[in-house]
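Data block below; observations after.
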There are 2 protein chains.
Amino acid sequence: MSAISHSEENYLKAIFHLGGEGKQSVATNAIARSIKTKPSSVTDMMKRLAEKDLVNYRKYKGVSLTEEGKKAALSIIRKHRLWEVFLVEKLNFSWDEVHEVAEQLEHIQSEKLVDLLDEHLGFPQYDPHGDPIPGKDGNYPSREKQLLSQFPEDSRGICIGVKDSSASFLKYLDRNKISLGDTIHVLEREDFDNSLLVNIGNRKMQISHQIAANLYLKML
Amino acid sequence: MSAISHSEENYLKAIFHLGGEGKQSVATNAIARSIKTKPSSVTDMMKRLAEKDLVNYRKYKGVSLTEEGKKAALSIIRKHRLWEVFLVEKLNFSWDEVHEVAEQLEHIQSEKLVDLLDEHLGFPQYDPHGDPIPGKDGNYPSREKQLLSQFPEDSRGICIGVKDSSASFLKYLDRNKISLGDTIHVLEREDFDNSLLVNIGNRKMQISHQIAANLYLKML
DNA sequence: AAATAAAATTAGACAAATCTAAAAATATGT
DNA sequence: ACATATTTTTAGATTTGTCTAATTTTATTT
Ligand SMILES: [Mn+2]
Ligand SMILES: [Mn+2]
Ligand SMILES: [Mn+2]
Ligand SMILES: [Mn+2]
């Protein structure tokens with residue numbers, strides 16, 4: 001019954017993301033790394049979350065989210081991504097600047113606010129990084145996507161998301177005029193370094209494996 | 001140097017409001033009442049804020065804001081009121097629902113967010129309750145206003161703000177179709193109970209002292 | 001001016017969230 | 001299988017923000 005604290009919300013979100021959308025169980029150290037805290041702090045918190053029936057915790061065996069925990073995590077992720085859309089679409093933030101602010105905004109508690117924000121934004125399906133926005137009812141849409149690095153020669157796809165959403169990667173994409181929605185045509189694969197020669201828009205460009213392994217496309 | 005916590009921000013804001021826009025010194029009990037905490041907690045916090053040079057505190061003598069404390073308070077109030085405008089103008093909240101949500105949003109830290117929000121809203125001067133929005137530079141505009149209860153017979157004014165901004169008062173105004181911007185003409189004063197007979201728009205209505213003492217007008 | 005009341009502070013406790021250092025459990029390598 | 005390394009948990013301390021109960025200071029009466 002008691003409310004979920006700011007800090008507890010961050011743990012739930014981390015467990016959701018680390019455990020493949022809340023399915024698998026997650027290790028203490030992984031959570032500590034992800035949340036930038038110490039393993040001992042994680043253990044403490046896991047006990048508290050287990051007490052609240054938000055996670056299943058067995059000593060030394062890792063944790064997984066309960067249904068209630070998953071619901072809470074999805075609600076936070078929904079808010080995070082809706083706010084990211086707001087920041088980009090309405091306030092003209094660039095997509096590499098929104099994450100930090102959304103990390104704060106995701107904790108605002110008001111169902112009415114979320115619903116009206118969703119409406120104000122036209123019920124978006126995806127956030128600025130191509131990640132799906134969980135529904136009000138807790139459904140979590142997923143879509144077919146492949147990494148560009150897995151595309152064979154002479155195949156095409158539409159750019160729909162990023163795996164790495166760090167500011168440095170996003171800025172790289174901006175600098176090279178690669179945006180979500182662009183069609184990419186793989187012309188040649190270089191076996192030696194796994195780099196690709198591709199056609200984007202009407203430009204031909206070389207793309208390193210590092211980049212290609214972080215761009216999601218929908219195969220055409 | 002160290003950041004101002006969520007809780008510290010609430011104290012600073014309370015001191016600003018209680019001390020007549022941060023001028024006068026404020027009593028421990030008044031802060032406790034306003035912030036719904038105990039006097040002993042207030043004393044503790046005052047010591048911490050004094051340590052950070054945000055307030056001037058002398059035992060048993062009350063506290064006042066330092067210049068730095070005033071600056072911090074104004075920044076929070078600016079955010080609070082800008083968010084209230086956003087909620088009403090962009091998300092269609094009603095003016096009696098915004099305060100609680102703004103109490104949370106005011107703590108979001110991002111100068112860029114505030115600046116872009118301000119721009120998005122068209123640099124509003126007043127919040128939905130008629131309260132002035134402090135400037136980016138910390139200036140705090142004030143304007144001539146009188147309570148309706150102080151208006152003599154046969155005088156007029158434009159409704160520009162509320163003193164009590166509780167949901168119940170705001171809803172009363174909604175029900176009686178009294179909005180900011182309306183012109184009010186005082187026709188008669190009833191000495192016995194200090195009630196007023198007024199003309200609003202083209203309606204004649206009786207207004208109790210309780211109501212009149214909470215409506216700010218600009219005398220015409 | 002002394003007695004009483006009110007306001008403010010101190011002392012000591014507590015919960016949440018974190019940390020460091022030590023100990024225990026589990027996993028890995030030969 | 002045994003030794004070693006890694007992971008996880010425990011024990012104990014710390015910070016922030018709060019509380020209750022007791023005490024001290026200031027204000028108000030008589
Ligand atoms: Mn994000
Ligand atoms: Mn995102
Ligand atoms: Mn408000
Ligand atoms: Mn307001």
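Just so it is clear: chains get the letters A, B, ... in the order the sequence lines come, proteins before strands, and each one is counted from 1.
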Checklist entry - Taking only residues at least two apart or on different chains, which pairs with a member in residues 21-31 of chain B satisfy side-chain hydrogen bond (donor to acceptor under 3.5 Å, both in side chains)? => result none
Checklist entry - At under 4.0 Å, does any side-chain N or O of A/Ser41 touch on OP1 or OP2 of C/dT18? => result no
Checklist entry - Taking only N and O in the side chain of B/Tyr57, is any of them less than 4.0 Å away from OP1 or OP2 of C/dT9? => result yes
Item to check | With sequence neighbours excluded, residues passing salt bridge (Lys or Arg N to Asp or Glu O under 4.0 Å) with B/Lys13 | outcome: B/Glu103, B/Glu106
Checklist entry - Listed by chain and number, what are the salt bridge (Lys or Arg N to Asp or Glu O under 4.0 Å) partners of A/Asp131, not counting sequence neighbours? => result none
Going by atom type alone, with no hydrogens or angles, which donor-acceptor pairs under 3.5 Å involve a side-chain atom of residues 42-57 of chain A and a protein atom two or more places apart or on another chain?
from    : atom 1 : to      : atom 2 : distance (Å)
A/Thr43 : OG1    : A/Pro39 : O      : 3.3
A/Lys52 : NZ     : A/Ser2  : OG     : 3.4
A/Lys52 : NZ     : A/Ala3  : O      : 3.0
A/Lys52 : NZ     : A/Glu8  : OE1    : 3.0
A/Lys52 : NZ     : A/Glu8  : OE2    : 3.2
A/Asn56 : OD1    : A/Ser64 : OG     : 3.3

Which pairs, protein N/O on one side and nucleotides 2-7 of chain C N/O on the other, fall under 3.5 Å?
none

Checklist entry - What pairs of residues pass the ring-ring contact (aromatic ring centres under 6.0 Å, His included) test when at least one of them lies in residues 85-107 of chain A, not counting sequence neighbours? => result A/His6-A/His107, A/His80-A/His99, A/Trp83-A/Phe86, A/Phe86-B/Phe86
State which residues pass side-chain hydrogen bond (donor to acceptor under 3.5 Å, both in side chains) with [X]; sequence neighbours excluded, sorted by chain then number.
X	value
B/His120	none
A/Ser142	none
A/Ser94	A/Asp96, A/Glu97

Please list, one pair per line, the donor and acceptor atoms closer than 3.5 Å that link side chains of residues 212-219 of chain A to other protein atoms, with sequence neighbours excluded.
from     : atom 1 : to       : atom 2 : distance (Å)
A/Asn214 : OD1    : A/Asp164 : N      : 3.4
A/Asn214 : ND2    : A/Gln210 : O      : 3.0

Checklist entry - Bend across the helix from C/dA1-D/dT30 to C/dT30-D/dA1, to 10°, with axes taken over 5 pairs at each end? => result 0°
Next on the checklist: Using a heavy-atom cut-off of 4.0 Å across all strands, would you classify A/Ser40 as base, sugar-phosphate, or nothing?
Outcome noted: base
Checklist entry - Which whole-number value in Å describes the distance from A/Leu12 CG to C/dA17 P? => result 11 Å
Checklist outcome for this item: chain A reaches DNA chain D, atoms under 4.0 Å from its heavy atoms, from D/dT7 to D/dT10
Item to check | Derivation and outcome, side-chain contact (heavy atoms from CB on, under 4.5 Å), residues A/Val85 and A/Ile133 | outcome: CA-CA 10 Å; A/Val85 173; A/Ile133 297 176; 3.9 Å; yes
